[in-house]
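Here is the structure we will look at, set down as structure tokens.
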Protein chains: 2
Amino acid sequence: MLASPDIQPHLPLTEAVLFMLISLVPGPSHGYAMLKDVEVLSEGRVLLSTGTLYGALKRLLEQGWIARYVEHDQAERGRVTHSYELTGIGRRIIQAELARLEALVAVGRRAAGERA
Amino acid sequence: MLASPDIQPHLPLTEAVLFMLISLVPGPSHGYAMLKDVEVLSEGRVLLSTGTLYGALKRLLEQGWIARYVEHDQAERGRVTHSYELTGIGRRIIQAELARLEALVAVGRRAAGERA
DNA sequence: CATAATATGTCGTCGTGCGACATATCGTGC
DNA sequence: GCACGATATGTCGCACGACGACATATTATG
């Protein structure tokens with residue numbers, strides 16, 4: 001019962017990408033905000049560089065896991081920011097990766113947990 | 001209460017390395033056997049190439065997470081195999097990585113689990 | 001006695017995280 | 001009015017690691 005068997009080849013995700021996707025679950029956000037969200041979500045352990053961030057965003061867009069739309073801060077003047085939003089595929093990827101991680105932890109605990 | 005705070009910088013482990021370390025928990029083994037063990041442990045999802053295997057073994061030795069000793073198959077003739085064994089550091093690394101993964105899953109489930 | 005499985009190793013390529021660098025806007029305090 | 005930090009986006013080159021391809025040799029099996 002593997003929903004969308006074509007998503008398996010994309011796993012495992014890197015820690016950076018998984019945190020970025022998770023940060024988009026509550027709703028759309030933009031690059032810099034995701035950077036800060038990931039820092040909070042990971043309790044300060046994952047500090048994305050902008051190189052990692054924008055490189056990963058580009059790939060996620062190409063793969064169709066997220067979608068982008070342009071937003072104007074104010075009326076039509078001023079800074080232009082880009083908002084990113086999870087696609088259906090993106091949500092399925094997150095679920096698949098979390099399931100994979102749970103299985104991995106189970107294997108590890110079974111082997112390494114209950115013994116000297 | 002982070003035992004050995006100096007191990008944190010080594011995380012996250014790659015999937016290949018974590019599975020390789022887990023395969024050594026029950027006891028010493030050699031390269032090719034680890035290759036097959038990982039395949040079984042991962043239920044066929046992780047198929048290490050020998051490039052990955054021996055490259056990773058070299059690094060694990062250099063880092064002192066495993067130790068190597070030479071074994072002679074028979075008396076003193078025939079194929080020479082190398083056995084690898086987890087060190088104390090190696091065991092702590094596994095525990096630290098499993099703990100990290102559990103925390104990661106918890107964050108993911110909290111964000112992505114309990115909502116539409 | 002050929003063929004598969006076991007066993008170890010190297011090499012080149014590709015993907016990805018990351019630090020450094022480059023720009024520009026916005027808010028706050030002085 | 002203006003300096004300065006936070007916000008915001010992006011590029012470039014390096015380093016590390018997984019991987020497939022290739023190379024070899026020994027040990028079982030049919």
Determine, for nucleotides 15-21 of chain C in 5'-to-3' order, which nucleotides have protein heavy atoms under 4.0 Å from the base (write B), from only the sugar-phosphate (write S), or from neither (write -). -SSBBB-
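- Note: CG (A:Leu53) to C1' (D:dC12) measures 16 Å, nearest angstrom.
- For A:Tyr32 and C:dT25, the OH to P distance is 17 Å, given to the nearest whole Å.
- Heavy-atom distances to DNA chain C give each of B:Lys36 and B:Lys58 a nearest nucleotide, and the one nearer the 5′ end belongs to B:Lys36.
- Rounded to the nearest 0.5 Å, atoms CD1 (A:Ile66) and CD1 (A:Ile89) are 12.0 Å apart.
- A donor-acceptor distance shorter than 3.5 angstrom exists from the side chain of A:Thr87 to the backbone of A:Trp65, with no hydrogens or angles considered.
- Separating the CG atom of B:Leu60 from the P atom of C:dT8 is a distance of 15 Å, rounded to the nearest angstrom.
- Taking atom CE of residue A:Met34 and atom P of nucleotide D:dA8, one finds them 13 Å apart after rounding to whole Å.
- Rounded to an integer number of Å, the gap from A:Tyr69 OH to D:dT9 P is 13 Å.
- In this structure, B:Tyr54 places its OH atom 10 Å from P of C:dT10, rounding to the nearest Å.
- Taking the six-membered ring where the residue is Trp, A:His82 and A:Tyr84 present parallel rings, their angle staying beneath 30° rather than reaching 60°.
- Atom CE of B:Met20 and atom CG of B:Leu41 lie 12.5 Å apart (nearest 0.5 Å).
- A side-chain donor from one of A:Arg109 and B:Gln95 sits under 3.5 Å from a side-chain acceptor of the other.
- Between the NE2 atom of B:His30 and the P atom of D:dT27 there is a distance of 13 Å, given to the nearest Å.
- Straight-line distance from the CD atom of B:Glu39 to the P atom of C:dA5: 12 Å, rounded to whole Å.
- Residue pairs meeting the salt bridge (Lys or Arg N to Asp or Glu O under 4.0 Å) criterion with at least one member in residues 41-52 of chain A: none, sequence neighbours excluded.
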